[in-house]
Amino acid sequence: MTRELRGLGASLAEPVARHLVAAGIYLDEDPALALAHARAASALASRIAVVREAVGLAAYHAGEFTTALAELRAARRLDGSPRHLALMADAERGLGRPERALLLARDPGAAELDEASRVELLIVLSGARRDLGEPAAAVLLLQDEAAVASVEPWTPRLWYAYAEALLAAGRPADAARWFASAATVDEEETDAAERAAMLADS
């Protein structure tokens, strides 16, 4: 971030940086406030990729998906990075356009994603298939990744999403097992354990 702001000059870079730091601090606990700070930064430096990215991320967390898409696309035009394809696809889902989310799987940048970003995109695409009433396709998108033995930072989200797909596909016993597996590695306190228990009791 410091490198990108360097060209603004100290008098402008400092307030922009303060707004960006505040946007990051409030992103999870108060997305609306984070978005206000990000927009304040954008009002001062709208041609900086990290600034447009901050607006896009805050807008996504605040549920303003149209703004999120516009800002994340703008950030990509500025820096060329496809790293937010999963968020862009999920924003399309949030706008009720799962078919557009699926189109992002064909984006040339998808081949450039690191492992974590690639898995996040698969999770979103699986959700888009469920949105379209295609649960079997949702399962197929995740089953190979879910079968990988190693546990990574994204594993809880992957296993939870796989369980959701299995449940939608009419496989509650399999879904219960994967919810239970997700609960064993989940440090974010999701409802995976509760979902597993409910399915086991049904």
Atom pair [atom1] ([X]) and [atom2] ([Y]), whose distance is rounded to the nearest 0.5 Å:
X	Y	atom1	atom2	answer
M198	D191	CE	CG	9.0 Å
Q143	L166	CD	CG	8.5 Å
R77	L72	CZ	CG	11.0 Å
L85	D90	CG	CG	12.5 Å
M88	R93	CE	CZ	16.0 Å
L142	L122	CG	CG	6.5 Å

Test L102 against L132 for side chain to side chain contact (heavy atoms under 4.5 Å, CB included), laying out the working first.
-> CA-CA 10 Å; L102 292 171; L132 291 168; 3.4 Å; yes

Main-chain N/O of [Y] paired with [X] side-chain donor or acceptor, under 3.5 Å:
X	Y	answer
S46	A43	no
D30	L33	yes
H61	L57	yes
S117	D114	no
W159	A146	yes

Does a side-chain heavy-atom distance below 4.5 Å link [X] with [Y]?
X	Y	result
V51	V16	yes
L141	E134	no
R118	E145	yes
L113	P82	yes
L35	R39	yes
L20	H37	no
D174	L167	no
E53	D79	no

Please report the closest heavy-atom contact between [X] and [Y], naming both atoms and the distance.
X	Y	value
S126	A138	OG-O, 2.9 Å
A68	G56	CB-O, 3.5 Å
P15	L44	CB-CD1, 4.2 Å
V139	A169	CG2-CB, 4.0 Å
A101	A89	CB-O, 3.3 Å
P156	V185	CG-O, 3.4 Å

Taking [Y] as the starting point, is it possible to reach [X] by hopping between hydrophobic residues whose side chains are less than 4.5 Å apart?
X	Y	answer
Y60	V50	no
L87	I123	yes
V119	L104	yes

Can you list the steps and then say if L69 with L95 is a side chain to side chain contact (heavy atoms under 4.5 Å, CB included)?
-> CA-CA 10 Å; L69 278 170; L95 291 169; 3.6 Å; yes

Worked check of side chain to side chain contact (heavy atoms under 4.5 Å, CB included) between E115 and W154 | CA-CA 9 Å; E115 188 71 2; W154 57 84; 3.4 Å; yes

Just say parallel, tilted or perpendicular for the rings of W178 and Y162, cut-offs at 30° and 60°.
-> perpendicular

For F65, look at atom CZ and say whether over 12 heavy atoms of other residues, nucleotides or ligands are found less than 6.0 Å away.
->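 Count over threshold, so yes.
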
Exactly one of R52, R47, H19 clears side chain to side chain contact (heavy atoms under 4.5 Å, CB included) with S42, and that residue is R52

Side chains of D186 and Y160: donor-acceptor distance under 3.5 Å anywhere?
-> no

Audit row: E120, R157, salt bridge (charged side-chain N to carboxylate O under 4.0 Å, His left out) steps and yes/no | CA-CA 8 Å; E120 285 294 333; R157 284 180 45 74; 2.8 Å; yes

Is the shortest side-chain N to carboxylate O distance from [X] to [Y] below 4.0 Å?
X	Y	result
R195	E164	yes
R76	D107	yes
E14	R18	yes

